[in-house]
Number of protein chains: 2
Amino acid sequence: MDRTIIESTLFPDCPIRNILARISDKWSLLVIYTLDKTGKEKMRFKELQREIPDISQKMLTVTLRTLEEDGYLTRTVYPEVPPRVEYKLTPRAHSLIPHINGLIEWALENKDAIINDRKKTSCA
Amino acid sequence: MDRTIIESTLFPDCPIRNILARISDKWSLLVIYTLDKTGKEKMRFKELQREIPDISQKMLTVTLRTLEEDGYLTRTVYPEVPPRVEYKLTPRAHSLIPHINGLIEWALENKDAIINDRKKTSCA
DNA sequence: CAGGATCCAGGGGGATACTG
DNA sequence: CAGTATCCCCCTGGATCCTG
């Protein structure tokens with residue numbers, strides 16, 4: 001990474017900051033992670049909701065729509081009754097997953113120490 | 001990563017989700033990144049503010065305090081007039097930085113395609 | 001089943017003024 | 001210089017009800 005790139009990252013309307021902001025919301029990374037970790041190629045709406053017990057229907061919907069807009073997944077509607085909709089990660093999302101897993105593994109290794117540090121500060 | 005860890009990640013009060021949530025706010029990653037990329041070992045409050053032009057004093061303060069609580073940086077106050085305070089990344093933060101840079105590089109490689117996808121959807 | 005529509009609170013975060 | 005203290009807006013996201 002050269003100096004130009006580094007400096008542009010700090011610019012207010014930097015596209016990198018913009019992209020990271022969109023996937024740094026409450027649910028996006030978790031939805032991508034869930035679509036990947038199950039091993040299933042495609043997942044339905046209800047399946048996702050079962051896997052992420054505490055997400056609301058609304059937030060699952062808007063998260064899926066945003067991820068679709070940014071090209072992280074495809075949404076396929078089957079004209080059946082009852083309706084069937086399947087979500088599938090794109091190659092773009094798959095190329096992001098190693099980085100997500102890297103973060104998760106890091107958090108896993110450091111969670112005990114971090115939580116312990118928080119206690120020390122708040123009880124000081 | 002075994003199955004137990006994967007499943008625990010999806011649990012609502014999962015510590016991993018908790019840790020990622022704290023650094024996924026608007027400024028934390030950018031502050032850590034800035035403290036690292038300058039090459040300076042320590043940085044003062046004003047220096048950070050100059051490097052991140054659009055952060056407010058309040059948000060820089062609370063971000064730094066949160067990062068200190070979680071052990072990402074140390075805050076050293078020198079009893080001088082005028083006051084001098086220096087911020088320095090901890091080894092924990094340094095171990096996180098490769099993952100942040102991984103994300104940034106990924107965003108850099110994909111930003112054009114993502115932004116292009118967004119336009120297509122919104123103008124459809 | 002897969003959502004759309006609406007209402008609403010809570011909190012993140014900005015602007016401004018003040019201080020040791 | 002390095003913050004603190006307020007005020008306040010807005011937007012995220014939850015709860016609820018409704019539909020093809």
Side-chain angles (χ1 to χ4, degrees), chain A residues 10 12-14 17-32 34-35 40 42-70 73-88 121-122, chain B residues 10 12-14 17-32 34-35 40 42-70 73-88 121 124:
Chain A
L10 296 170
D13 52 355
C14 162
R17 281 169 64 173
N18 184 285
I19 286 166
L20 294 184
R22 290 266 292 240
I23 56 174
S24 299
D25 62 1
K26 192 170 180 179
W27 300 109
S28 292
L29 285 181
L30 194 59
V31 167
I32 293 176
T34 304
L35 274 163
K40 301 170 185 171
K42 304 170 173 183
M43 284 182 79
R44 305 180 61 170
F45 191 89
K46 274 283 180 189
E47 270 184 290
L48 280 165
Q49 216 175 6
R50 266 192 301 270
E51 289 291 325
I52 311 174
D54 54 333
I55 196 172
S56 65
Q57 290 153 341
K58 172 187 170 185
M59 287 319 297
L60 182 53
T61 301
V62 305
T63 302
L64 288 168
R65 289 297 192 284
T66 305
L67 291 177
E68 189 192 5
E69 267 183 49
D70 281 20
L73 51 81
T74 57
R75 178 173 179 270
T76 309
V77 184
Y78 296 87
E80 306 171 354
V81 179
R84 181 162 56 101
V85 177
E86 288 183 339
Y87 295 93
K88 181 182 185 231
T121 314
S122 60
Chain B
L10 296 169
D13 52 355
C14 162
R17 282 169 64 174
N18 184 285
I19 286 166
L20 294 185
R22 290 265 292 239
I23 57 174
S24 299
D25 61 2
K26 192 170 180 182
W27 301 110
S28 291
L29 285 182
L30 193 58
V31 167
I32 292 176
T34 305
L35 274 163
K40 300 172 187 171
K42 305 171 172 184
M43 283 183 80
R44 305 180 61 170
F45 191 90
K46 273 283 179 189
E47 270 184 290
L48 280 165
Q49 215 175 9
R50 265 192 300 271
E51 289 292 326
I52 310 174
D54 54 334
I55 196 171
S56 65
Q57 301 113 323
K58 172 187 169 182
M59 287 318 298
L60 183 53
T61 301
V62 306
T63 302
L64 288 168
R65 290 295 192 282
T66 304
L67 291 177
E68 189 192 6
E69 267 184 50
D70 282 20
L73 52 80
T74 57
R75 179 173 179 270
T76 309
V77 184
Y78 296 87
E80 304 171 354
V81 179
R84 181 163 56 101
V85 177
E86 288 183 339
Y87 295 92
K88 180 180 188 239
T121 314

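In what follows, chains carry the letters A, B, and so on, assigned in the order in which the sequence lines appear, proteins first and then strands, with residues in each chain numbered from 1. Because only heavy atoms are used, hydrogens play no part in the values below, and waters and symmetry mates are left out as well, while side chains stay in.
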Going by heavy atoms in the side chains, are [X] and [Y] under 4.5 Å from each other?
X     : Y     : answer
A:T76 : A:K88 : no
B:L64 : B:V62 : no
B:L67 : B:S28 : yes

**Asked** Tell me the salt bridge (Lys or Arg N to Asp or Glu O under 4.0 Å) pairs involving residues 18-29 of chain B, sequence neighbours left out?
**Response** B:R22-B:E69, B:R22-B:D70
What's the shortest heavy-atom distance between [X] and [Y], and which atoms?
X     : Y     : value
A:R75 : A:V85 : CG-CG1, 3.8 Å
B:L35 : B:L48 : CG-CD2, 3.9 Å
B:M43 : B:T34 : SD-O, 4.0 Å
B:Y87 : B:L73 : CD2-CD1, 3.8 Å

Given atom [atom1] of [X] and atom [atom2] of [N], what is their separation to the nearest angstrom?
X     : N      : atom1 : atom2 : answer
B:R22 : C:dG12 : CZ    : P     : 10 Å
A:K46 : C:dC1  : NZ    : P     : 5 Å
A:E68 : C:dG3  : CD    : C1'   : 14 Å
A:R84 : C:dG3  : CZ    : P     : 13 Å
B:W27 : C:dG14 : CH2   : C1'   : 10 Å
A:R75 : C:dA2  : CZ    : C1'   : 8 Å

**Asked** Which of residues 54-65 of chain A have a heavy atom under 4.0 Å from DNA chain C?
**Response** A:K58, A:T61, A:R65
**Item:** Separation of A:R44 CZ from A:R84 CZ (nearest 0.5 Å)
**Value:** 6.0 Å
**Request:** Measure the angle between the two terminal helix axes of the helix from C:dC1-D:dG20 to C:dG20-D:dC1, five base pairs each, and quote it to 10°.
**Result:** 50°
**Message:** Counting the atoms with a prime plus P, OP1 and OP2 as sugar-phosphate, which does A:Y87 contact under 4.0 Å by heavy atoms, base, sugar-phosphate, or nothing?
**Reply:** sugar-phosphate
**Prompt:** Can you tell which of C:dG20, C:dG13, D:dG14 lies closest to the side chain of B:K26?
**Reply:** C:dG13
**Asked** Taking only N and O in the side chain of A:R44, is any of them less than 4.0 Å away from OP1 or OP2 of C:dC1?
**Response** no
**Item:** Phosphate contact (D:dA2 OP1 or OP2) by B:R50 side-chain N/O below 4.0 Å
**Value:** no
